[in-house]
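Chain A is the first sequence line, chain B the second, and so forth, proteins listed ahead of strands; every chain is numbered from 1. From a predicted model like this one, the values you see are computed outputs, not experimental measurements.
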Amino acid sequence: MRYQAPRGTADILPDEAARWQAVEAAFREACRRFGYGEIRTPIFEQTELFARSVGASTDIVQKEMYTFTDRGGRSLTLRPEGTAPVVRAVIEHRLYGTAELPLKLCYLGPMFRYERPQSGRQRQFHQFGVEAIGVEAPELDAEVIALGWTFLQDIGLKGVTLVLNSLGCPVCRPAYREALVAFLRPHREALCPDCRLRLEQNPLRVLDCKIDGPTPLVASAPRITDHLCDACRAHHAAVKAELDRLGIPYVEDPHLVRGLDYYTRTVFEFVAEGLGAQNTVLAGGRYNGLMAALGGPDLPGIGFALGAERLLLLLDEPAEGRVGAPAPDVYVVAFGAGAEKKLSLLMRLRAAGLSADADFAGRGLKAQLRSADRRGARYAVIVGDDEARAGRAAIKHLATGAQWTVAEEELAAFLAGRIASPNEKEAGDGNDAHVGNHAPNP
RNA sequence: GCGGUCGUGGCGAAGCGGUGAACGCACCGGAUUGUGGCUCCGGCAUUCGAGGGUUCGAAUCCCUUCGACCGCCCCA
């Protein structure tokens, strides 16, 4: 055990990778139906991009970024989230001018945050996300939420709750912030140490303090939703009305505050049971000022991201299984004079569309058949001295023990036909004297 | 960044100061000539995450270090 994967990273082994492929496929399918095209951005970006967009006072920027200097002296950062790179790409390629708005983009890939790993949290983790840019209509907020909802339904996730809030906009949020600070400052000593700092730097974050979360203090604090400007209030109401029409249940939480600074108006999270403090599985919101802040036109946007590891944690327990190759249709057992036919037989079978594998350890007949069985193969093709001499191959249906002998040339077609046939399990042709020596598999 | 639990063969897991590191699974080989699954027999850790120390003697005690898991902060 000399080398290990770096702290907070994980290898996804074949059995597990199959589960990933399933959720990725479901996500891509949901995105397709909703009209989102995939975008792939680099895994690292200029450090400035994240500092500007995510917010200098956020934990992500202050202590969680994987930042390094390349050989040209540039400061680069492994992306901690997906929105900023996508927005950057949209601006860089002026996509807003070449496609209809909203521009709908989706992505899936690894993100990096330097944190203490624990359940549902890694340093390299994976997010699937979407961004819809260029339209401010509340219907779009609802549609984005509906996409997240649909996806979670599609993969059969149970016990998730949609939590909704509005964070206002540059018109109304400053006033609310003042009101909140004015309310909290007299109670400064009652706040936890972290919150005393937040009070100065990012007062809204005090609202979702876990330590004295539902204390009378926070509970009785002024609510953002009571301080929204007319436009934000109307927007928020329209989003809720649309969700009501769609029959998507949600709970309003005026204390929902997201950890990234670029959010405006709608913010939402889908929270799940059973993940401890890391219970957010999908979250997002509107970011109307982000495009302009990153040097693009002043276009609004909304999106979400979901944590793939958390999602997989919530789905069925990983099945304990064989690590490695999938069960083949055919396992070629070749030995003696037949050994030299092994590879060419495999190639013929594969060319016929069958999955085929064989022993590569030069073991005996018995051991090879054992492998065929253990690998879960449906058929074994046996080519030994006798078969090789006759230009034929013995075929054995492993579940029943039925056996046939066919000419080498006909082998692939014969097997392809049988595997496609509903009567696959009929008895063999009796050409093999050994049939009956073994009981069928129970 | 803070706190807790823990690191014994491919995996799971005993042993917790005294000469050969249980056991289960997996794996490899065999049980009369070329036929798998069941059963039986045999094999499979000079070594207990790494480094140092205490001791006549350590996987078992101490220190350091690396790592894993869990919780907190924060986030997806």
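Atom-to-atom, CG of A:D59 to C1' of B:C72 comes out at 13 Å; the value is rounded to the nearest Å. Here the P atom of nucleotide B:G7 and the CD atom of A:Q4 are 16 Å apart, to the nearest Å. Note: CG (A:L13) to P (B:G10) measures 16 Å, nearest angstrom. Spacing between atom CD of A:Q368 and atom C1' of B:C28 amounts to 15 Å, rounded to whole angstrom units. One atom, CD of A:Q122, and another, P of B:A68, lie 10 Å apart when rounded to the nearest Å. Rounded to an integer number of Å, the gap from CD of A:E115 to P of B:G71 is 14 Å.
OP1 or OP2 of B:G71 lies within a sub-4.0 Å distance of a side-chain N or O belonging to A:Q118.
Relative to the ring axis of A:Y263, A:R286 does not place its NZ or CZ within 45° and under 6.0 Å from the centre.
Partners of A:T150 according to the side chain to side chain contact (heavy atoms under 4.5 Å, CB included) rule, which considers only residues two or more places apart in sequence or in another chain, are A:R33, A:F34, A:D154.
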Go ahead and write out RNA chain B as dot-bracket, 5' to 3': ( ) for pairs within the strand, [ ] for ones crossing earlier pairs, | when the partner sits on another strand, dots for unpaired; Watson-Crick or G-U wobble, both distances under 3.5 Å.
((((((((.[[[..)..(....]]].(((((.......))))).....[[[[[..)....]]]]])))))))....
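Distances were taken from every side-chain heavy atom of A:R116 (C-beta onward) to each of B:U35, B:C28, B:C69; the shortest belongs to B:C69. Considering only the side chain of A:R374, B:C27 comes nearest among B:G34, B:G29, B:C27. In the set B:G29, B:G34, B:A68, the nucleotide with an atom closest to the side chain of A:R363 is B:G29. Side-chain proximity of A:R7 to B:C70, B:A68, B:G29: nearest is B:A68.
A:G8 comes within 4.0 angstrom of the backbone, heavy atoms only, and of no base. At a threshold of 4.0 angstrom between heavy atoms, the contacts of A:R370 are confined to the sugar-phosphate backbone, with no base atom among them.
Comparing A:N279 and A:L365 along RNA chain B, the residue whose closest nucleotide (by nearest heavy atom) sits nearer the 5' end is A:L365.
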Do A:K104 and A:E143 pass the salt bridge (charged side-chain N to carboxylate O under 4.0 Å, His left out) test, and can you show the C-alpha distance, the side-chain angles, and the key distance before you say yes or no?
CA-CA 11 Å; A:K104 290 177 164 184; A:E143 197 205 40; 3.0 Å; yes
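No hydrogens or angles considered: a donor-acceptor pair under 3.5 Å links the side chains of A:T67 and A:T77. Side-chain contact annotation: A:D141 with A:H235, donor-acceptor N/O pair under 3.5 Å present.
The stretch residues 335-347 of chain A participates, sequence neighbours left out, in these salt bridge (Lys or Arg N to Asp or Glu O under 4.0 Å) pairs: A:K341-A:E408.
In the displayed structure, A:R348 atom CZ is contacted under 6.0 Å by more than 12 heavy atoms of other residues, nucleotides or ligands.
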